[in-house]
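Predicted model, so just to flag it, every value in this text is computed and none were measured.
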Amino acid sequence: MSTPLNSRLRPGCSVFSRSMWRQAESLLRDYKVAGFVLAVFVLVACLTPYRVAMLLGGLSVLVGCVYDGLRGGLVFAAIITLGVNSYAMLQYGKLSGSPIWDALVLAVFAIVLGSFVQNSREHEKAARLGPQSYDVLVNLMQEGVIVADLDENIVFANDACAQMLGYAPGELNGKNLSELTTPEEFEVYKEKTKQRKEGRSDRYETKMFRKDGSTIELLVSATPFTASDGTVKGVVGVFWDITDRKREEEKLKYLSLHDSLTGVHNRAYFEQEMERMDSQHYLPVSMIVCDVDLLKKVNDAHGHAAGDEALVHAAAIIKGTVRASDVVARIGGDEFAVILPNTEAEAARRICERIRRRVEADSYLRTGLSIGTATRESMATSMAELFRNADEAMYIQKPVRAHAT
């Protein structure tokens, strides 16, 4: 059965009408064209009967609304009303019709038509910037963006986020956040999701796995997104890669707490640990103080590089002899100290003997070490006294070693 001709034509006519309207609207939104049309309407309205003038007034309002919405309609209504009545006063010495009522009618027409035009344009703009367009905009962002539901499933991840984590565009969609991080970090995410359900936003640091298994440090700004009824539907997270920054921070932190030559801790860290271990929990606590003998002579005889090498070997010997939980620090030019928590005096003396044997066996040290130790049995002795006692014990050894050499 053939389709009726009129039903086949209507879509074409509709498209043609819309095309004509768009062309006309495009022309009238040009201020030169709109101004010319308004001038013609005013001129013709002045030379025609009152009813025709009112009709032209309505058309001028239409042109004004197309040109600039509500504001354009009101301005054009005022111009044609003033123009017609000014001409009438000059030509006939009286006003045409009822100017106040004429202006009021045209103003109401402008308000109705102008509001309609503005709303239509806003809807058209919203249609152009629909979800697909928003996806394009988000994908242009350099920051990573993830939208996840309340079960931590990724609903959307932009291209920057995919690249950041080593995935192809769109490959992250549908994954669960548990696949991208450690179980500990995932527990943090779940706790954060509870906060989003309460409408709370925050910023925090986290870690994720790249596709190749490497770890990336991230700064996350997370906020809930809600439906039109106000219920929270999920979380929007914006991600910044801070891996390099965290690496630099760790490097600076390391340098602030370690001796740059020997790699053991520095005096600042040593004093910090002395304060931390000033507690019953660490008793008995012992301390060893070591001094590199005749370092100046080594420098004078073999150069400062040899002196630095002696310090490096001394630090390696001391650190290699004690436990990983003990604190080894270079506290002066040629002086080292070790804090041994939960270590009795006899155990500390055995450690000192092991250090002496290793020094004697090291051919690179070029000199020896004077070693002293002391033990704090109770809180009656302060950590400062413990250090002084160990230091004094070390100095007692110095003349003995000097005489022996």
All heavy atoms of D212 vs all of S214, minimum pair found to be OD1-OG, 2.7 Å
Test L219 against R203 for side chain to side chain contact (heavy atoms under 4.5 Å, CB included), laying out the working first. CA-CA 7 Å; L219 174 64; R203 180 175 289 200; 3.6 Å; yes
Looking at every non-hydrogen atom in both residues, tell me the closest pair between A222 and V235 and how far apart they are. CB-CG1, 4.1 Å
Can any side-chain N or O of N153 pair as donor or acceptor with the backbone N or O of A148 at less than 3.5 Å? no
Which pair of heavy atoms, one from V327 and one from E273, lies closest together, and at what distance? CG2-OE1, 3.8 Å
How long is the span from the CD1 atom in I396 to the CD1 atom in I371, to the nearest 0.5 Å? 14.5 Å
For the backbone of M164 and the side chain of D241, can you confirm whether one donor and one acceptor N or O come within less than 3.5 Å of each other? no
Side-chain (E179) to main-chain (N176) donor-acceptor, under 3.5 angstrom: yes
Nearest heavy-atom pair of L261 and D308: which atoms, and what distance? CD2-OD1, 3.9 Å
Residues K190, E187; criterion salt bridge (Lys or Arg N to Asp or Glu O under 4.0 Å); working and verdict: CA-CA 5 Å; K190 291 197 291 186; E187 289 301 317; 3.1 Å; yes
Go through the steps to decide whether L165 and F209 satisfy the test side chain to side chain contact (heavy atoms under 4.5 Å, CB included), and finish with yes or no. CA-CA 7 Å; L165 296 175; F209 296 134; over 6 Å; no
Any donor and acceptor pair, going by atom type alone, linking the side chain of N389 with main-chain N or O of A374 inside 3.5 Å? no
Would you confirm whether E250, through its side chain, and R247, through its main-chain N or O, come within 3.5 Å as a donor-acceptor pair? no
Rounded at 0.5 Å granularity, tell me how far NZ in K207 sits from NZ in K246. 8.0 Å
Quick one: do the R323 and T343 side chains pair a donor with an acceptor below 3.5 Å? yes
Do the ring planes of Y189 and Y204 sit parallel (below 30°), tilted (30 to 60°) or perpendicular (above 60°)? tilted
Tell me the closest heavy-atom pair linking V61 and A110, and the distance in Å. CG1-CA, 3.5 Å
Short side-chain donor-acceptor distance under 3.5 Å, D291 and S370: no
Are the side chain of R267 and the backbone N or O of I331 linked by a donor-acceptor pair below 3.5 Å? yes
Nearest heavy-atom pair of V264 and R330: which atoms, and what distance? CG2-N, 3.6 Å
Enclosure of F225 CZ (heavy-atom neighbours >12, cutoff 6.0 Å): yes
For R354, does its backbone N or O pair with a side-chain atom of T321 as donor and acceptor, under 3.5 Å? no
If we only count heavy atoms from C-beta on, is the L172 to L180 side-chain gap below 4.5 Å? yes
Given 3.5 Å as the limit, does a donor-acceptor pair link the side chain of R71 with the main chain of V75, or not? no
Within the structure provided, determine whether R196 and T223 are in side-chain contact (heavy-atom separation under 4.5 Å). no
Within 6.0 angstrom of E344 CD, more than 12 heavy atoms from elsewhere: no
What I'd like to find out is whether the side chain of L150 reaches to under 4.5 Å of the side chain of K197, using heavy atoms alone. yes
The test is salt bridge (Lys or Arg N to Asp or Glu O under 4.0 Å); show your working for R356 and E353 and say whether it passes. CA-CA 5 Å; R356 289 190 183 98; E353 286 303 317; 2.7 Å; yes
Evaluate the side-chain proximity of I288 to C352: yes if any heavy-atom separation is below 4.5 Å, no if none is. yes
If we only count heavy atoms from C-beta on, is the Q280 to M379 side-chain gap below 4.5 Å? yes
Apply the test side chain to side chain contact (heavy atoms under 4.5 Å, CB included) to residues M394 and E335: give CA-CA distance (whole Å), side-chain angles for both, the deciding distance (0.1 Å), then the verdict. CA-CA 10 Å; M394 181 273 295; E335 195 169 11; 3.6 Å; yes
Can you tell me if E346 has over 12 outside heavy atoms packed within less than 6.0 Å of its CD? yes
Distance to the ring centre below 6.0 angstrom and angle to the axis at most 45 degrees; does that hold for R245 and W240? no
Between T375 and S286, is there a side-chain donor-acceptor contact under 3.5 Å, judged purely by atom types and distance? yes
Could you tell me whether the side chain of E249 reaches within less than 4.5 Å of the side chain of I242, counting heavy atoms only? no
Given side chain to side chain contact (heavy atoms under 4.5 Å, CB included), test V322 with I351 step by step and report yes or no. CA-CA 7 Å; V322 301; I351 292 172; 3.9 Å; yes
Evaluate the salt bridge (Lys or Arg N to Asp or Glu O under 4.0 Å) criterion for residues K192 and D202: first the C-alpha distance (whole Å), next the side-chain angles of each, then the deciding distance (0.1 Å), finally the verdict. CA-CA 9 Å; K192 295 290 185 182; D202 70 346; 2.6 Å; yes
Given the options V328, V285, D326, I339 meets side chain to side chain contact (heavy atoms under 4.5 Å, CB included) only with V285
Would a distance-only check, ignoring hydrogens and angles, find a side-chain to backbone donor-acceptor pair under 3.5 Å from R358 to G320? yes
To the nearest 0.5 Å, how far apart are CD in E271 and CE in M274? 7.5 Å
Using atom types as modelled and distance alone, determine if a side-chain donor or acceptor of H258 lies under 3.5 Å from a backbone N or O of Y254. yes
Taking atom types as modelled, is there a side-chain donor on S178 or E152 under 3.5 Å from an acceptor on the other? no
Say you draw a straight line from CZ of R388 to CE of M287; how long is it, rounded to the nearest 0.5 Å? 11.0 Å
F270 side, atom CZ; F387 side, atom CZ - distance, nearest 0.5 Å: 5.5 Å
I want to check something: taking the side chain as every heavy atom from C-beta on, are M208 and T215 in contact at a cut-off of under 4.5 Å? no
Verdict with reasoning, D278 to R376, per salt bridge (Lys or Arg N to Asp or Glu O under 4.0 Å): CA-CA 10 Å; D278 191 9; R376 182 192 192 197; 2.7 Å; yes
Counting only heavy atoms not in E198, do more than 12 sit closer than 6.0 Å to its CD atom? yes
If you measure only the distance, is there a donor-acceptor pair under 3.5 Å linking the side chains of Y282 and R276? yes
Quick one: does F156's side chain get under 4.5 Å of I146's, heavy atoms only? no
So for atom CD, which belongs to Q163, do other residues, nucleotides or ligands contribute more than 12 heavy atoms lying within a distance under 6.0 Å? no
Going from CD on Q142 to CG on N158, what distance comes out if it is rounded to the nearest 0.5 angstrom? 11.0 Å
Pair T182, E185: side-chain N/O donor-acceptor within cut-off below 3.5 Å: no
